[in-house]
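Presented below is the structure to which this report refers.
In each ligand, atom 1 is the first atom listed, and ligand 1 is the first ligand listed. Please read these numbers as outputs of a predicted model, since none were measured by experiment.
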Amino acid sequence: MGNRHKTEFSIAQSNRTFFIETYGCQMNKADSDSLAQMLRLNGYTESQTPDKADIVVINTCSVRKTAENRIWGRLGFYKEMKRSRSILLILMGCMAQRLGDGAADFKRLRGYGVDMVVGTFFRDKVPFLLEHYDPKADNIFVEKTDLTFPWSAPALDNPLTSFVTISHGCNNFCSYCIVPYLRGRETSRPSDQIIEDIQRLAGQGVIQVTLLGQNVNSYGLDNNDIKFPQLLKRICHETDIQWIKYESSHPKDFTEDLAEVIASEDKVSNYLHLAVQSGSNHILEKMNRKYRIEDYIAKVQHIRQLVPKLNLTTDVIVGFSGETESDFQDTLTLMRTVEFDDAYMYKYNVRENTVSAKSMDDDVPEDVKLHRLQELIDLQRQISDERRHRRIGDITEVIPVSVSKKSGEADKMNQIHGLTKEELHVVYDAADPNDKSVKKVKYTGVSGSTMLGEIINS
Ligand code: SF4
């Protein structure tokens, strides 16, 4: 290590500027927001660009190989940067957890100039690790230790909102998924701590919290605390937060109790992301999803009856191991039957060390996967567009996200891009660009995937 002049680094008062680059899911975004907050409180200053930062944190994702490939590309970028200036490069999150164990991967990371590897159990200890940084040590922190949940912070890109982590890890072991191996078994955060965290955020002006867990619906099943529907009720009645959203929801744990709370509690958003993954029972079984498609459809019909304006979204994987044309047709039939408002659609990619990688063939040809994905996307686009048009005339609540001046009316109106309570994007005009309060808007039209609206009084 003696010849690593450009990468050796000691944390002094003079090099306390940081930059965080985030990949992957909402949980990673929440971890980055809270790390930024912790670093600020510890006297570090945030930089808007990496070229001005002394410390660069890449918060990584391992769920898809494409995400990891992108991160290797970014490491190449920082390796170049380190030739001309000294920075401390930290790899954090799921990919760090996955690679930190292997000697070959460790050597490769060092070759890219990574100075510290911080796995998923150490994400809230980065300020401590920085204060005790020793350039001559390995600086690899990937043991599965006891968990602590950091305090949440308003989101970096929209301070009216915040993510609040309510559980960590997953017990489901879907056969294609690497997450349980990287984040460990599910651990629920104590409900009293969640309530305290959310009340503090409400006091800071946060309007919306999004409760995060790999499967929020199984919150509290690992300890003697309350279950998820009761947690939602407590947040509604014991805090001043105005809107509550949550993800991800596993269909097998979506209960009637939960549907009743969504329908009856005004603060709980009419938004539900319920990942279905496939419309074929044969594939759902191979994926180890633990529900049948008939049960999934019955749950969706029930919640739609209770909450007709629900914004319902899903995830779908096409081309999973053994998926026949008939299985794929079942998925298309499901999409037509349920009519999701939107869907995240992927083609199957093998993740090493998962059950499907070890024991199932990746036997759907690439061109068939691509063809099925395109057919699915085309169908869903049409359904999403129809559902958005059906919302024209509805009245909802909105918070501003960003503002731009309306061309040609420089001093009069501002065009606001807002986020609705049911998680739709809407553009509307407002006179005061600094007004951060909740407004009522009426949908007046659709432009691509965005709703158009106008503010109404009362
Ligand atoms: S529920 Fe399944 S897909 Fe989601 S994190 Fe757990 S194992 Fe992965």
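Shown here is K65, whose NZ atom has no more than 12 heavy atoms of other residues, nucleotides or ligands within 6.0 Å.
The side chain of Y176, and not its backbone, has at least one atom closer than 4.0 Å to an atom of ligand 1 (non-hydrogen atoms only; side chain from C-beta on).
With ligand atoms numbered from 1 in the order given, ligand 1 contributes 5 (S) to contacts under 4.0 Å with heavy atoms of Q214. Near P180, the atoms of ligand 1 lying under 4.0 angstrom from a non-hydrogen atom of the residue are 7 (S). Near V179, the atoms of ligand 1 lying under 4.0 angstrom from a non-hydrogen atom of the residue are 5 (S). Proximity to H250 (heavy-atom distance under 4.0 Å) selects the following atoms of ligand 1: 1 (S). Taking every heavy atom of C170 and a limit of under 4.0 angstrom, the matching atoms of ligand 1 come to 1 (S), 5 (S), 6 (Fe), 7 (S). With ligand atoms numbered from 1 in the order given, ligand 1 contributes 3 (S), 5 (S), 7 (S), 8 (Fe) to contacts under 4.0 Å with heavy atoms of C177.
With hydrogens and angles disregarded, no donor-acceptor distance shorter than 3.5 Å links the side chain of K290 to the backbone of K252. Proximity of a side-chain donor or acceptor of T354 to a complementary backbone N or O of R351 within less than 3.5 Å is detected. With hydrogens and angles ignored, the 3.5 Å screen pairs no side-chain donor or acceptor of S447 with any backbone N or O of T450. For D115 (side chain) and L89 (main-chain N/O), a donor-acceptor pair under 3.5 Å exists by modelled atom type.
Using a cut-off of 4.0 Å between Lys/Arg side-chain N and Asp/Glu carboxylate O, E339 and R387 are scored as salt-bridged.
Relative orientation of the F122 and F141 rings is tilted, given thresholds of 30° and 60° on the angle between their planes.
Shortest contact from atom 7 (S) of ligand 1 to any protein heavy atom: C174 N, 3.3 Å. What sits closest to atom 1 (S) of ligand 1 on the protein, heavy atoms only, is N172 ND2, 3.5 Å.
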